[in-house]
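Residue numbering restarts at 1 for every chain, and letters A, B, ... go by the order of the sequence lines.
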There are 2 protein chains.
Amino acid sequence: MDLRQLRYFLAVAEEGQVTGAAKRLNMEQPPLSRQMKLLEEELGVTLFDRSGKRLALTNAGMLLQRRAEQLLRQFQETIEEVHGLDEGILGALSIGCVVSCFSLLPQRIERFHEQYPDITFKIHEGDHFLLGEQLEKRNLELVVARLPFEAAADPERYSILRLPSDPFVALLPDSWSQAADSRKLGMAELAQYPLLSLKSNLTTGMHNRMMEAFREAGQEPHVLCECSSITVILSLVAAGIGATILPKSVIASLPLPGIAMRELALTPFYSEVGLIWIKDRYLSKIARNFIEMFGE
Amino acid sequence: MDLRQLRYFLAVAEEGQVTGAAKRLNMEQPPLSRQMKLLEEELGVTLFDRSGKRLALTNAGMLLQRRAEQLLRQFQETIEEVHGLDEGILGALSIGCVVSCFSLLPQRIERFHEQYPDITFKIHEGDHFLLGEQLEKRNLELVVARLPFEAAADPERYSILRLPSDPFVALLPDSWSQAADSRKLGMAELAQYPLLSLKSNLTTGMHNRMMEAFREAGQEPHVLCECSSITVILSLVAAGIGATILPKSVIASLPLPGIAMRELALTPFYSEVGLIWIKDRYLSKIARNFIEMFGE
DNA sequence: CCGCAGTATACCTTATAGGTATACTTTTAC
DNA sequence: GTAAAAGTATACCTATAAGGTATACTGCGG
């Protein structure tokens, strides 16, 4: 049994005759008669009562009529739904994000949601390597992370949309600095404080950039603690344990009390953020739309 | 898009590769690859992400997978349901019945219901001509009526299952006869009473049979009232207006108080009942099953 | 870098849907 | 009652598209 046959059957059932149905279907009567016979044979069921030139539906025929209408409607809906999904009207977008970039998402998600209200988001947090792995497994389509993307063994494999860069700032406990103190902080001064750095077995980018900045200023800082997570660092700063250097946007998403921000004297010292996906792999229309909007 | 293509798609989606799916489908790999490509083209959608030799489903693919499973399941259910209906496991049976035969139905319906619990009945009451008309219009599949079936202009058009015959009896008001009086009633005695007969413009069979019985006994009865309906006759008997002759089974279904029954001296005087349907026309399996059981 | 496993392309074969001609059946009109 | 009309069924042909075979192409693992 075939969808075509169901469509034919419905036409015949509605017209009450083969000839009229054939006209409606833009075909001749004999093939349609044959299809009806084949359908009956395949189902092993008598669908029409052929007494005289008119065809009346049997019980089985009436049931099939109802069911066929239902099936064809659902079929049509499926096509439209699948189509809509590919066009990026429906569906879900899975995005991975590094904690330090969270602040970039909310307003963009809101804007996207206004334009595509039926899209839902799935947001995963993790470090570069975790996110890279999920990207490979197709659990994520896009990743927002600091550049360079450390999971990128082969940079050619990824496409990256670079975002406006973000200055590094110093973060230190409130108690160490007057709130009114708006002077830029020199690296020498900062090097006097115990420092906290973002570093784990795998993710060393931020740590390296910080150390580099100190080295350029001729300073040898004292790293009190290497932390694997930004939230840990910020808690420690708020608790008065140490100071650190982080991209300015970080504190927008995690505004803990007890932390003072000071601009750095060192210029230019910027962090770059990128929207990352795997090149030459299928990207949903949703994701493509999101990328387009993300850059604006 | 075609159901075959959906089945193919599901196999490929589950296997995660075309070659394996082709094996499962007992076909070769190239045609299957082509079908998948055609499906994608027809839907205007990318279903698979072909990076490397493995095929991964896109969002649209995953949606189609869910929908396709659903559709195919419903499709299968439809086939089974239609099949079941034709086999007389499900559905409804429309029966027409003359009032005088009602008493034959209850026990038979009960027995049928035990064997086919999902079958429902639609029972219509009427005279021979009304029932004949409904039979022609296919609103009824079967009719239970006294024989001969008066609507049968062409007796060849109908199939009839004859049932064990039913003796005529006299019905008269209680007050006219002692309840203990179990003697057979002679036609001569009955002819003294005012009589009620079942007769309308169209249905004259019962009236004719009654008159014939009197004529054979050499009597000329006085018919006080010709009634078109059995219920009217019985009410009139109960009210002491007159006496009548009816098949014995009639009073089983309409046991009005105030009516006495007396067997007739005249033998053999029987009424025949039949289950009637239109020959050479589609009969549902339910109806065929019912006919089979009806005769037992 | 080569062999392996899988996919895609090209071309052929075959099955089946649809068309044409026509016979058969029933309804309707004279 | 018969003939015309309208509809269905049968027979046979054509064309389309599905499936098969051979083979080229492409990542992946040793």
With B for base contact, S for sugar-phosphate-only contact and - for none (protein heavy atoms under 4.0 Å), nucleotides 17-22 of chain C reads BBBBB-
Please state how far atom NZ in B:Lys23 lies from atom P in C:dA5, giving the value in whole angstrom units. 10 Å
Taking atom types as modelled and ignoring hydrogens, do the side chains of B:Ser100 and B:Arg146 form a donor-acceptor contact shorter than 3.5 angstrom? yes
What pairs of residues pass the salt bridge (Lys or Arg N to Asp or Glu O under 4.0 Å) test when at least one of them lies in residues 67-81 of chain A, not counting sequence neighbours? A:Arg67-B:Glu81, A:Glu81-B:Arg67
Whole angstroms only, please: what is the CD-P distance between B:Gln17 and C:dA8? 12 Å
Would you say D:dT8 has OP1 or OP2 under 4.0 Å from some side-chain N or O of A:Thr19? yes
Hey, does the side chain of B:Lys37 come within less than 4.0 Å of C:dT9's phosphate (OP1/OP2), counting only N and O? yes
Return the set of residues passing ring pair (Phe, Tyr, Trp, His ring centres under 6.0 Å) with B:Phe294 (not counting sequence neighbours), or none when no residue passes. B:Phe290
The criterion is ring pair (Phe, Tyr, Trp, His ring centres under 6.0 Å); which residues satisfy it with B:Phe9, sequence neighbours excluded? B:Phe48
Between D:dA18 (P) and B:Leu6 (CG): distance, integer Å: 14 Å
Separation of A:Glu15 atom CD from D:dA6 atom P, in whole Å? 16 Å
Sequence neighbours excluded, which residues qualify as ring pair (Phe, Tyr, Trp, His ring centres under 6.0 Å) partners of A:Tyr158? A:Phe149
Let me know the distance between CG of A:Leu39 and P of C:dT16, rounded to the nearest Å. 16 Å
At less than 4.0 Å, is any side-chain N or O atom of B:Ser33 found next to OP1 or OP2 of C:dT7? Yes or no. no
For the helix from C:dC1-D:dG30 to C:dC30-D:dG1, measure the angle between the helix axis at one end and the axis at the other, each built from five pairs, rounding to 10°. 20°
Just to verify, what does A:Asp2 make a salt bridge (Lys or Arg N to Asp or Glu O under 4.0 Å) with, not counting sequence neighbours? A:Arg4
Nearest whole angstrom, please: distance from the P of D:dT10 to the CG of A:Leu32. 14 Å
Sub-3.5 Å donor-acceptor pair from the side chain of A:Glu150 to the main-chain atoms of A:Gly205, do we have one? yes
Please list all pairs passing the salt bridge (Lys or Arg N to Asp or Glu O under 4.0 Å) test where one or both residues lie in residues 18-28 of chain B, with sequence neighbours left out. B:Glu14-B:Arg24, B:Glu15-B:Arg24
Residues in ring pair (Phe, Tyr, Trp, His ring centres under 6.0 Å) contact with A:Tyr116, at least two apart in sequence or another chain: A:Phe112
